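On a predicted model such as this, the values are computed, not experimentally measured, just so you know. Atoms within a ligand are numbered from 1 in the order they appear, just like the ligands themselves.
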Amino acid sequence: MPDADGMKEAKKFYTDIPQKTEGFFLKGSNSYDWGMKNRLARIFNPETGRTVMLAIDHGYFQGPTTGLERIDIDILPLIPYADTLMLTRGILRTIVPPSVTKPIVVRASGGSSILKELSNEEIAVDVEDSIRLNVCAMAVQVFIGGEYEKQSIINMTQLVDMGTRYGIPTLAVTAVGKQMARDARYFRLATRICAELGAHYVKTYYVEDGFETVTAACPVPIVIAGGKKIPELDALTMAYRAIQEGASGVDMGRNIFQSDSPIAMIQAVRAVVHESETPEKAYELYQTLKHELAQV
Ligand code: R5P
């Protein structure tokens, strides 16, 4: 039985201090429910408001991508340096130990291979399985201007509806067809449509001209994909510019796992994202770490 007298006399009510109603640190996310916010706060570091997501989901449409042939050998050692891991449920269940406590973003769309029309996707993971896997977000490809544009948008809105029931955010991944212009105008259109229709955050590509208008016009956080492998300094420069121009992080794959030294590269990317380190300084860090790791 609780001590009734003690309760009456309880001391720490701080009646002179009103409870704070804090805003949430993440762009556009203040009105979500607790579980949704908590998952987002695991993906995005509340201290910096940013994230380094390691993207290794490429196999869902292109099989054993260069650098991802043996995820158990080459990728597991990178996990401690990532804020978040983005991958398919197949790789999660078969290769990633359940003792890994990093937040998981599960690839939740699929249905086409590189041999066919890529925009012809459907939702490929049930929300119940996402819950079973304890994921922090579900990722869906959205093909604005693509052959199956409408279907991919509806995939996204259905995931948003299912995820919202259980407090699981949806990451909309803007996919660009080969024949489409990768410019700020296109990405403003694509990212804004995703956010308007409910995506909790959006992945897109960096463009040199006008990227700040893409982030400004999108009411939810944007993370950038790395794209094809480029020299390390160039990739760090791209990440730096994206962050300075309003991105909330990276969801980077090939420019990390196809690097000469993936462990060094992911740490250099972290310095750019979380410490706003310049590309030159981050590249120095990359070279130092690469050298040290080569001695081991
Ligand atoms: C591509 O469809 C996958 O979703 C990747 O997660 C995405 O492209 C990011 O990887 P990368 O940095 O290699 O472009």
Side-chain angles (χ1 to χ4, degrees), residues 43 51-69 71 74-75 78 81-92 103-125 135-144 146 148 152 155-156 159 170-178 180 182 187 190-191 194 199 201-207 222-232 234-243 247-259 262 265-266 268-270 272-273:
I43 295 169
T51 187
V52 174
M53 295 178 59
L54 178 62
I56 57 162
D57 61 322
H58 306 59
Y60 94 93
F61 70 100
Q62 59 182 34
T65 307
T66 304
L68 297 180
E69 297 90 341
I71 290 176
D74 289 327
I75 300 299
L78 297 177
Y81 305 99
D83 294 315
T84 303
L85 201 53
M86 178 183 176
L87 74 180
T88 59
R89 63 175 162 180
I91 294 299
L92 185 62
I104 300 298
V105 175
V106 71
R107 157 62 57 189
S109 63
S112 287
S113 76
I114 39 169
L115 306 178
K116 295 271 191 174
E117 167 54 44
L118 283 178
S119 66
N120 191 7
E121 280 194 349
E122 295 194 10
I123 294 174
V125 172
V135 307
C136 278
M138 299 181 288
V140 55
Q141 218 78 348
V142 180
F143 296 84
I144 301 298
Y148 291 85
S152 72
N155 290 342
M156 187 199 80
L159 263 193
T170 294
L171 165 62
V173 179
T174 59
V176 197
K178 283 194 184 107
M180 279 178 234
R182 288 185 177 215
F187 288 122
T191 57
C194 292
Y201 70 113
V202 181
K203 172 156 94 165
T204 190
Y205 289 92
Y206 178 72
V207 285
I222 282 184
V223 293
I224 61 151
K228 283 190 182 143
K229 173 76 176 73
I230 52 180
E232 278 77 5
D234 294 350
L236 292 167
T237 302
M238 175 176 67
Y240 178 81
R241 287 188 185 151
I243 294 293
S248 301
V250 300
D251 186 16
M252 195 175 266
R254 287 162 287 180
N255 276 291
I256 292 174
F257 62 71
Q258 291 178 355
S259 165
M265 185 59 180
I266 194 169
V269 172
R270 288 192 70 78
V272 165
V273 170

Q: Describe, in one word, how the ring planes of F257 and H58 are oriented to each other, choosing from parallel (under 30°), tilted (30 to 60°) and perpendicular (over 60°).
A: perpendicular

Q. By number and element, which atoms of ligand 1 are closer than 4.0 Å to a non-hydrogen atom of A55?
A. 6 (O), 9 (C), 10 (O)

Q: Between D251, D57, I56, flag the one that comes closest to atom 6 (O) of ligand 1 by a heavy atom.
A: D57

Q | ligand 1 contact by V173, heavy-atom criterion under 4.0 angstrom | A | no

**Q.** Side chain, backbone, both or neither: H58 near ligand 1, heavy atoms under 4.0 Å
**A.** side chain

(Q) Using modelled atom types and a 3.5 Å cut-off, is there a donor and acceptor pairing between side-chain atoms of E232 and backbone atoms of S259? (A) no

Q. Does the side chain of T174 come under 3.5 Å of the side chain of T204 through a donor N or O and an acceptor N or O?
A. yes

**Q.** atom 2 (O) of ligand 1: the protein heavy-atom neighbour that sits closest, reported with distance to 0.1 Å
**A.** Q141 NE2, 3.2 Å

Q) Of all the heavy atoms in F61, does at least one lie under 4.0 Å from an atom in ligand 1? A) yes

Q: Can you sort out which atoms of ligand 1 are near K203, meaning under 4.0 Å from one of its heavy atoms?
A: 4 (O), 5 (C), 6 (O), 7 (C), 9 (C)

**Q.** Nearest-0.5 Å distance, CG of residue L92 to CE of residue M86
**A.** 13.0 Å

Q) What are the atoms of ligand 1, with element, lying closer than 4.0 Å to any heavy atom of G227? A) 11 (P), 12 (O), 13 (O), 14 (O)

Q.
Once rounded to the nearest 0.5 Å, what's the spacing between atom CG of L68 and atom CZ of R254?
A. 9.5 Å

**Q.** F143 side chain reached by E117 side chain, heavy atoms, under 4.5 Å
**A.** no

Q) With a 4.0 Å cut-off on heavy atoms, is R107 touching ligand 1? A) yes

Q | From the candidates R254, K229, M252, the one that places a heavy atom nearest atom 13 (O) of ligand 1 | A | R254

**Q.** Nearest heavy-atom neighbours spanning A172 and M156
**A.** CB-SD, 3.7 Å

Q. Can you tell me which residue and heavy atom of the protein come closest to atom 8 (O) of ligand 1, and the distance to 0.1 Å?
A. Y205 OH, 3.9 Å

Q) Which atom names give the shortest non-hydrogen contact between A108 and L159, and what distance separates them? A) CB-CD1, 3.8 Å

